[in-house]
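Here's the structure we're looking at; comments come further down.
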Amino acid sequence: MIRVAVRGSLWFGLYVAVAMFPLAFAAIGVADQRRGFWREFAAALGFVGLSMMGMQLILVARIKMVAAPFGEDALVAFHRYMGYAGTALVFAHPLLLIVLVDPSYIERIIPWTAPWAGRFGSLAILCLLGIIVTSVWRVRLRISYETWHAIHLVASAVAIIAAVVHVELINYYIDRPWKRGLWIVMSAALLGVFVWVRIIRPAIRMRHPWTVDSVVAERGGISTITFKPVNHAGFTFAPGQFGWLSMNRSPFSLTQHPFSFSSNGDDPSALQMAIKSLGDFTTTLAGIQPGTRAYIDGPHGVFSPDRNEGPGFAFIAGGVGISPIMSMLRTLAARGDRRPCHLFYGVNSLAAAAFSEEIDELASELELSVWYVVADPEPDWSGDRGFISEETLRMRLPARYQTLQYFICGPGALQDAMADALGAMAVPADRVHTEHFNFV
Ligand SMILES: Cc1cc2nc3c(=O)[nH]c(=O)nc-3n(C[C@H](O)[C@H](O)[C@H](O)COP(=O)(O)OP(=O)(O)OC[C@H]3O[C@@H](n4cnc5c(N)ncnc54)[C@H](O)[C@@H]3O)c2cc1C
């Protein structure tokens with residue numbers, strides 16, 4: 001745990017260092033004192049903002065080494081906040097120039113009066129604002145995930161290229177050999193990450209295809225899809241991890257969908273995902289034919305008992321959130337693990353409880369107690385009713401519940417309620433792990 005915290009701090013330190021790196025442009029060489037503090041400060045903000053924008057790509061590039069200490073969802077959240085912060089800095093750059101340096105700067109920004117340097121700068125800012133508007137209000141604007149993703153990628157590429165051209169045309173801060181050298185190193189690093197993410201990695205994935213072996217309809221509108229590796233050994237994963245799936249699409253396509261693995265993580269010969277039909281992509285999956293080609297980028301994520309060992313585990317699942325939990329139960333059973341496990345499974349009705357027969361079997365293989373909490377039960381149901389609550393947990397968990405590791409996966413309301421309940425029960429926060437099924 002301490003090693004993870006140290007690695008996390010090192011990565012964060014590196015992030016801050018790279019964000020501040022452009023200030024070296026100001027520090028190297030003697031600045032012209034007549035230009036004044038505010039002009040230099042405004043330029044520094046623009047450079048730091050640009051550097052942060054460049055690193056946005058790295059934060060969501062699914063680089064396992066970077067994601068390992070934090071988890072993918074935490075990195076996506078960090079990416080979001082750094083996007084706001086970077087845009088604010090880039091926006092402050094012309095604003096300070098106009099307000100504090102010289103109001104006539106406005107003419108160097110408005111496209112019809114500005115020189116080309118100003119036009120490219122304005123284009124970068126417009127793209128960044130467009131990204132923020134479509135990201136914050138995506139659902140309200142009724143923009144589909146795929147369209148939003150395409151807008152996000154194109155607008156960020158245009159923003160960064162336009163900003164780089166803006167700096168090149170102004171040429172004030174990168175005119176000395178040292179500064180130009182630093183500038184080229186930074187631009188090349190960014191281009192390198194782009195080529196790795198969009199060209200090299202998909203090309204590697206293309207050489208490791210998977211095929212759909214079977215599609216089995218489960219209860220509750222869920223389908224289990226089994227994938228077999230084609231001419232390669234497949235991979236093992238820590239139970240609870242997830243992969244990015246492309247189906248009927250090349251691995252170079254812009255959009256892939258994340259799904260938790262539901263199978264035994266130690267068995268590389270077949271991967272399973274349990275998928276609920278929700279929107280356009282997931283609805284087509286229920287009817288997918290065996291033999292269909294698929295590409296899986298994984299494993300990713302830190303939501304796993306393998307990463308969070310303890311004397312026992314409590315699993316709290318709602319709906320399709322049972323998928324990564326099934327992987328944990330199946331893997332622990334296959335390993336002959338005898339540590340005590342407690343499963344709380346929230347469902348609308350017992351008829352909608354996917355995997356219930358298998359869970360009963362697993363209960364006899366593992367030291368597992370299972371509690372269904374049914375929102376809308378049949379009149380003769382004698383078990384827990386309603387939603388999983390603090391009271392349910394207090395009633396069902398053993399006295400030493402604070403020593404268990406907790407894994408929660410389900411709808412947002414369940415995750416929030418459980419985080420509050422476990423907090424009220426004084427379970428240490430580092431023993432509570434959640435997987436959010438919506439990054440955006
Ligand atoms: C880490 C993780 C694990 C997941 N595991 C499972 C699982 O085991 N089983 C399961 O059924 N679902 C899982 N999901 C959710 C699943 O990824 C979405 O339901 C699915 O991508 C929706 O696609 P759609 O086009 O059918 O639906 P849409 O109606 O287009 O999208 C519904 C919502 O899903 C999200 N989404 C859509 N497309 C993507 C995408 N390409 N990338 C990221 N998010 C997207 C958006 O928030 C969107 O609003 C998981 C999500 C995450 C982040």
Side-chain angles (χ1 to χ4, degrees), residues 60-62 64 67 70-77 79-80 134-153 215-227 237-249 251-263 265 271-288 294-304 307 315 317-330 345 352 354-355 407-412 414-415 433-440:
V60 288
R62 302 183 206 156
K64 288 180 193 170
F70 311 102
E72 223 94 4
D73 52 351
L75 271 193
V76 171
H79 166 92
R80 187 180 313 131
T134 50
S135 301
V136 174
W137 290 288
R138 176 178 74 86
V139 176
R140 202 173 289 176
L141 293 170
R142 294 175 191 273
I143 302 174
S144 74
Y145 179 88
E146 278 80 4
T147 310
W148 166 81
H149 196 208
I151 294 173
H152 202 84
L153 289 176
V215 181
V216 174
E218 313 283 356
R219 299 209 183 117
I222 294 174
S223 303
T224 293
I225 307 184
T226 303
F227 301 92
F237 58 89
Q241 286 192 295
F242 68 95
W244 291 86
L245 176 67
S246 325
M247 193 108 86
N248 287 329
R249 287 179 183 156
F252 292 94
S253 66
L254 286 186
T255 303
Q256 291 133 26
H257 292 258
F259 296 104
S260 300
F261 301 118
S262 59
S263 47
L271 284 185
Q272 289 182 324
M273 290 173 166
I275 296 177
K276 181 156 177 122
S277 299
L278 268 186
D280 42 4
F281 181 72
T282 43
T283 305
T284 59
L285 291 184
I288 212 94
Y295 298 95
I296 300 172
D297 171 13
H300 292 282
V302 296
F303 181 69
S304 175
R307 299 248 332 194
F315 305 110
V320 72
I322 193 68
S323 171
I325 307 292
M326 283 308 292
S327 173
M328 296 178 194
L329 296 176
R330 286 166 169 159
Y345 188 5
F355 306 110
F407 293 90
I408 308 165
C409 189
L414 172 81
Q415 313 233 36
H433 316 282
T434 50
E435 186 73 294
H436 295 273
F437 273 8
N438 55 337
F439 279 158
V440 282

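We count residues from 1, following the sequence as given. Every number for a ligand or one of its atoms is a count from 1 in the order of the listing.
Put simply, the side chain of H152 does not reach to within 4.5 Å of the side chain of T134, judged on heavy atoms. Taking the side chain as every heavy atom from C-beta outward, F407 and E435 never approach each other to under 4.5 Å. You'll find the side chain of L75 stays beyond 4.5 Å of the side chain of V60, heavy atoms only. Annotation: side chain of I408 is not in contact with side chain of F303 (no heavy-atom distance under 4.5 Å).
The shortest heavy-atom distance from W244 to ligand 1 is under 4.0 Å. Between R138 and ligand 1 there is a heavy-atom distance shorter than 4.0 Å. A heavy-atom separation below 4.0 Å is found between Q256 and ligand 1. For the ligand labelled ligand 1, residue H436 lies inside the 4.0 Å heavy-atom shell.
For the residue pair E218 and T224, a side-chain donor N or O sits within less than 3.5 Å of a side-chain acceptor on the partner. Residues Q241 and S304 bring no donor and acceptor atom of their side chains to less than 3.5 Å of each other.
Within ligand 1, counting atoms from 1 as listed, the ones closer than 4.0 Å to a heavy atom of K276 are 10 (C), 11 (O). Listed by number with element, the atoms of ligand 1 under 4.0 Å from a non-hydrogen atom of H257 are 20 (C), 21 (O), 23 (O), 25 (O), 38 (N), 39 (C), 40 (C), 41 (N). Numbered from 1 in the order shown, with element, the atoms of ligand 1 that lie under 4.0 Å from a heavy atom of L278 read 19 (O). For ligand 1, the atoms sitting less than 4.0 Å from at least one non-hydrogen atom of S323 are 8 (O), numbered in the order shown with element in parentheses. Numbered from 1 in the order shown, with element, the atoms of ligand 1 that lie under 4.0 Å from a heavy atom of V320 read 9 (N), 10 (C), 11 (O). Shown in contact with F281 at under 4.0 Å from a heavy atom are these atoms of ligand 1, numbered in order with element: 24 (P), 25 (O), 26 (O).
When heavy-atom distances to ligand 1 are checked against a 4.0 Å cut-off, F259 comes that close through both its backbone and its side chain. In P258, the parts holding a heavy atom less than 4.0 Å from any atom of ligand 1 are both the side chain and the backbone. At a heavy-atom distance under 4.0 Å, only side-chain atoms of T255, from C-beta outward, approach ligand 1. The proximity of T282 to ligand 1, defined as any non-hydrogen pair under 4.0 Å, involves the side chain as well as the backbone. Using a 4.0 Å cut-off between heavy atoms, A274 contacts ligand 1 through its backbone alone, with no side-chain atom that close.
Taking the six-membered ring where the residue is Trp, the centroids of F237 and F261 are separated by under 6.0 Å.
The residue from T284, I325, D73, D280 that puts a heavy atom closest to atom 25 (O) of ligand 1 is D280.
A donor-acceptor pair is defined here as one N or O able to donate and one able to accept, closer than 3.5 Å; no such pair exists between the side chain of T147 and the backbone of I143. No donor-acceptor pair closer than 3.5 Å links the side chain of S263 to the backbone N or O of L271.
For the pair R330 and F355, the cation sits on the ring face: its NZ or CZ lies under 6.0 Å from the ring centre, inside 45° of the axis.
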